[in-house]
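To start, the structure itself, in structure tokens.
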There are 4 protein chains.
Amino acid sequence: MSPRNVEKDQLLRETRREHILDCALQVIAKQGIDSANVKDIAKEAGLSVGNVYNYFNSKDDIFSAVLQRGQINYGRKISDHALLELDARDKLHEICESWIATPENWAFTIMLQSIRTNETVNPELREAATRRFTANLEPMAEIMRQGQEAGVIVEGDPKQLAFYFVSLIQGLTLQLAPGYEIPVSIQAKTIVRLFSQPENSRKK
Amino acid sequence: MSPRNVEKDQLLRETRREHILDCALQVIAKQGIDSANVKDIAKEAGLSVGNVYNYFNSKDDIFSAVLQRGQINYGRKISDHALLELDARDKLHEICESWIATPENWAFTIMLQSIRTNETVNPELREAATRRFTANLEPMAEIMRQGQEAGVIVEGDPKQLAFYFVSLIQGLTLQLAPGYEIPVSIQAKTIVRLFSQPENSRKK
Amino acid sequence: MSPRNVEKDQLLRETRREHILDCALQVIAKQGIDSANVKDIAKEAGLSVGNVYNYFNSKDDIFSAVLQRGQINYGRKISDHALLELDARDKLHEICESWIATPENWAFTIMLQSIRTNETVNPELREAATRRFTANLEPMAEIMRQGQEAGVIVEGDPKQLAFYFVSLIQGLTLQLAPGYEIPVSIQAKTIVRLFSQPENSRKK
Amino acid sequence: MSPRNVEKDQLLRETRREHILDCALQVIAKQGIDSANVKDIAKEAGLSVGNVYNYFNSKDDIFSAVLQRGQINYGRKISDHALLELDARDKLHEICESWIATPENWAFTIMLQSIRTNETVNPELREAATRRFTANLEPMAEIMRQGQEAGVIVEGDPKQLAFYFVSLIQGLTLQLAPGYEIPVSIQAKTIVRLFSQPENSRKK
DNA sequence: AATGAATGAGCCTTCATTCAT
DNA sequence: CATGAATGAAGGCTCATTCAT
């Protein structure tokens with residue numbers, strides 16, 4: 001029927017979507033979520049404004065897709081780590097370091113807040129974001145649990161510890177906003193140590 | 001006419017300003033910073049829109065004043081604590097608890113991010129916010145230092161520890177956004193313990 | 001409190017609203033409902049676009065207000081006629097003539113259709129329009145009933161006759177669209193005669 | 001290549017055009033003329049948007065073609081009736097009944113109004129629509145004339161009566177908009193009676 | 001000081017139409 | 001012919017800010 005390659009089109013379409021999401025993230029990271037408008041996203045993506053709407057239904061749709069993608073990727077990463085045969089502290093260290101190293105990550109945190117906060121956002125989106133956040137807590141709690149069994153992570157409810165760890169990472173991420181200098185270095189090592197069981201207090 | 005009236009007027013004016021700031025905070029806490037507009041703030045304050053502009057130059061002016069006031073109050077509070085004759089852990093505990101308990105606090109954190117982030121915001125405001133944030137780190141670091149001397153707080157750069165502590169508190173605060181349920185309880189005790197030196201690892 | 005005259009303001013506000021409705025009707029009558037946009041209405045009213053929104057919540061709000069006002073005025077007029085001590089045929093004649101003579105009336109009919117038809121219009125508005133239309137049928141039916149009792153109006157269900165009469169008037173009104181010449185004159189006399197009982201077929 | 005193929009192609013093209021017009025009418029009848037867009041028409045027709053433009057030059061082109069086709073079919077029908085050997089009242093009755101029974105007919109009336117009304121529509125199209133409307137009045141007037149000669153239709157200018165009859169039908173059709181309930185039944189018999197000469201007033 | 005009507009820039013979104021493939 | 005991605009011009013609506021009263 002079609003004189004064009006349907007499969008290729010489909011692939012192109014998916015690539016384009018991803019590209020728009022990338023650009024949206026860039027714009028948010030650059031300008032903040034308040035100032036990030038569709039026009040700028042389109043420009044960043046090298047598309048016309050109208051064309052963006054061929055790939056997404058609305059601005060909120062774009063934002064929630066960015067958030068969803070980020071949350072899913074993040075969750076997958078943590079889950080992968082949970083399965084590894086490693087010292088839990090090393091896992092935390094690695095997670096911490098790679099998170100801090102990615103400059104766009106703070107945009108996710110900002111978006112998470114904005115989507116929660118903005119009353120005009122579809123409540124379902126807000127719930128979905130919360131659901132994913134909560135779900136992502138689970139593999140992190142599993143890592144804590146592993147560490148506790150090995151006696152290298154402090155005692156306490158693993159889920160609560162996971163929650164604190166994630167909140168700390170998020171809190172730190174926010175401090176890393178572009179153009180905002182903090183006179184304190186962030187060291188994964190020190191962060192992990194807060195959650196580590198000291199050598200001499202371990203059960204024999 | 002009389003000097004007393006001038007003084008009284010000045011006082012009234014200051015009271016009004018404070019009232020507007022209170023209401024602005026309320027609105028932000030209720031609607032989120034994106035949806036908080038001047039009209040709503042004026043309505044909450046029982047004033048006309050135009051009249052609000054008799055007390056503040058712009059919306060940004062209001063927001064930055066809210067933030068500034070919050071940061072200053074917060075800084076004063078921490079400084080006061082630093083001077084007390086108390087176990088550092090109790091100080092942290094009290095700071096933590098009172099922060100979490102105040103539902104509007106998350107609005108400050110949101111605002112901090114928004115003001116940092118928003119390109120359109122006067123760069124001087126952004127720098128001022130950062131400056132105050134950094135300044136507020138100092139008394140917190142002092143508390144850490146006190147705790148370390150008493151052997152009840154973990155070792156490490158006090159300022160860095162203070163930074164982590166504040167970031168953790170901020171991160172947790174964000175999770176407390178209104179209408180957003182997190183299936184984990186926040187306990188000041190557990191938080192403080194992360195920064196505490198375990199009994200049996202203390203130097204004699 | 002206010003340095004301005006509140007009552008006068010309220011009156012001004014109501015006058016303004018009416019003025020906007022008048023202008024909206026003019027624009028619709030001139031350009032058709034499809035082409036009638038808020039900008040044009042504002043221009044016709046000598047206001048800025050934004051200011052129109054100080055008086056109405058939305059374009060649909062304006063349109064439905066225009067319609068409502070027209071329907072209410074029309075209903076009132078028919079009801080007044082129903083109470084008069086006149087030959088029913090004269091009543092119909094007068095209603096017919098005055099309706100046809102008002103050039104904007106066709107806009108109401110167009111609007112009625114558009115509001116019914118347009119899926120994006122609030123269903124409640126649509127129902128309200130229908131409700132008023134149906135309600136307005138009643139006094140017209142009463143006139144028919146009076147005429148039948150006097151033996152000057154054709155027999156049949158008065159409400160149905162009213163419905164036909166109104167539909168005929170509406171149908172004719174539509175033909176009177178501006179810039180649309182129909183080579184047939186519209187005579188109230190002839191129209192009324194269609195609904196009249198012929199002399200020699202009346203019951204003695 | 002062969003002339004037969006060219007003919008066949010031509011036929012196929014014509015069939016396609018007709019199909020598109022059918023679908024356009026369906027969409028208009030379903031969504032109203034304001035919401036009827038090219039994309040929906042294409043989807044209804046099972047074609048791509050671009051392909052529709054291989055058969056019509058513009059959206060207005062489609063709409064005016066729909067209208068034209070409808071008007072021509074309608075005119076042909078009335079003309080056919082005018083030639084029949086039947087009581088004029090039966091002709092009116094049949095015309096009335098078949099018109100009311102076809103649910104899409106109201107779309108024509110709506111379109112007629114929209115095309116007349118819409119400033120942006122090519123004036124030639126508007127004139128063409130008016131011309132056809134006027135032309136279609138002629139066979140209807142002929143039926144009236146026949147009825148008057150047989151003494152079964154009320155006296156008066158036949159063309160004017162035709163105009164009233166058509167306007168009444170159109171007015172009633174508009175009341176039949178989808179999703180719009182009118183608490184009055186429409187009976188062809190009663191309608192025709194309005195235009196009928198009563199038994200006992202006929203000339204011997 | 002107090003009011004809120006008025007302004008106008010800017011944002012999101014839609015859609016007829018074009019065009020490379 | 002067939003496709004649907006791409007364009008860009010409007011249109012509806014919001015809102016910070018101003019200003020006459």
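Order of the sequence lines fixes the chain letters, A, B, ..., with proteins taken first and strands second; residue numbering starts at 1 for each chain.
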Which heavy-atom pair separates A:Ala65 from A:Phe56 by the least distance, and what is that distance?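 Smallest heavy-atom distance, with atoms named: CB-CE2, 4.0 Å.
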
Length of the [atom1]-[atom2] vector between [X] and [N], whole Å:
{"X": "B:Lys59", "N": "F:dT18", "atom1": "NZ", "atom2": "C1'", "result": "17 Å"}
{"X": "B:Ile20", "N": "E:dA2", "atom1": "CD1", "atom2": "C1'", "result": "12 Å"}
{"X": "A:Leu47", "N": "F:dG4", "atom1": "CG", "atom2": "C1'", "result": "15 Å"}
{"X": "B:His19", "N": "E:dA2", "atom1": "NE2", "atom2": "P", "result": "13 Å"}
{"X": "A:Asp34", "N": "E:dC12", "atom1": "CG", "atom2": "C1'", "result": "15 Å"}
{"X": "A:Asn57", "N": "E:dT13", "atom1": "CG", "atom2": "C1'", "result": "11 Å"}
{"X": "D:Phe56", "N": "E:dT17", "atom1": "CZ", "atom2": "P", "result": "13 Å"}
{"X": "B:Ile41", "N": "F:dC15", "atom1": "CD1", "atom2": "P", "result": "12 Å"}

Side-chain donor/acceptor of A:Asn54 to base of F:dA5, under 3.5 Å: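 Checked by distance alone, the answer is no.
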
Heavy atoms from C-beta onward define the side chain here; which of [options] lies closest to that of [X]?
{"X": "A:Tyr53", "options": "E:dT14, E:dA6, E:dA1", "result": "E:dT14"}
{"X": "C:Arg16", "options": "E:dT3, E:dG8, E:dA5", "result": "E:dA5"}
{"X": "C:Asn51", "options": "E:dT7, E:dG4, F:dA2", "result": "E:dT7"}
{"X": "C:Tyr55", "options": "F:dT17, E:dA6, F:dA6", "result": "E:dA6"}

Is there a donor-acceptor pair closer than 3.5 Å between any side-chain N or O of B:Gln71 and the backbone N or O of B:Ala129?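 Present.
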
Check: B:Ser35 side chain, B:Gly32 main-chain N or O, donor-acceptor pair, under 3.5 Å: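 Side chain of B:Ser35 to backbone of B:Gly32: no pair is present.
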
How far does CG of B:Leu47 sit from CD1 of B:Ile41, to the nearest 0.5 angstrom?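 If we round to the nearest 0.5 Å, B:Leu47:CG and B:Ile41:CD1 are 11.0 Å apart.
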
NA contact type, C:Val38, heavy-atom cut-off 4.0 Å: base, sugar-phosphate, or nothing?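 The residue C:Val38 makes sugar-phosphate contact but no base contact.
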
Is it true that, when you exclude A:Lys59 itself, more than 12 heavy atoms of the residues, nucleotides or ligands shown sit nearer than 6.0 Å to its NZ?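 Yes, the 6.0 Å shell around NZ holds more than 12 heavy atoms from other groups.
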
Evaluate the criterion salt bridge (Lys or Arg N to Asp or Glu O under 4.0 Å) for residue pair B:Arg17 and B:Asp22; output intermediate values, then yes/no. CA-CA 9 Å; B:Arg17 272 183 65 97; B:Asp22 289 341; over 6 Å; no

B:Tyr55 and side-chain hydrogen bond (donor to acceptor under 3.5 Å, both in side chains): which partner among B:Arg16, B:Glu18, B:Glu14?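 Passing option: B:Arg16.
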
Which ranges of DNA chain E pair up as stems, where a stem means three or more consecutive Watson-Crick or G-U pairs with both distances under 3.5 Å?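 Listed by first number, the stems are E:2-21 with F:2-21.
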
Here's a test of your reading of the structure: between C:Val52 and D:Asn37, which maps to the more 5' nucleotide of DNA chain E?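 Checking each residue's closest nucleotide, the 5'-ward one belongs to C:Val52.
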
Residue mapping more 5' on DNA chain E - nearest nucleotide basis, B:Arg13 or A:Lys39: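 Going by which nucleotide is closer to the 5' end, it is B:Arg13.
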
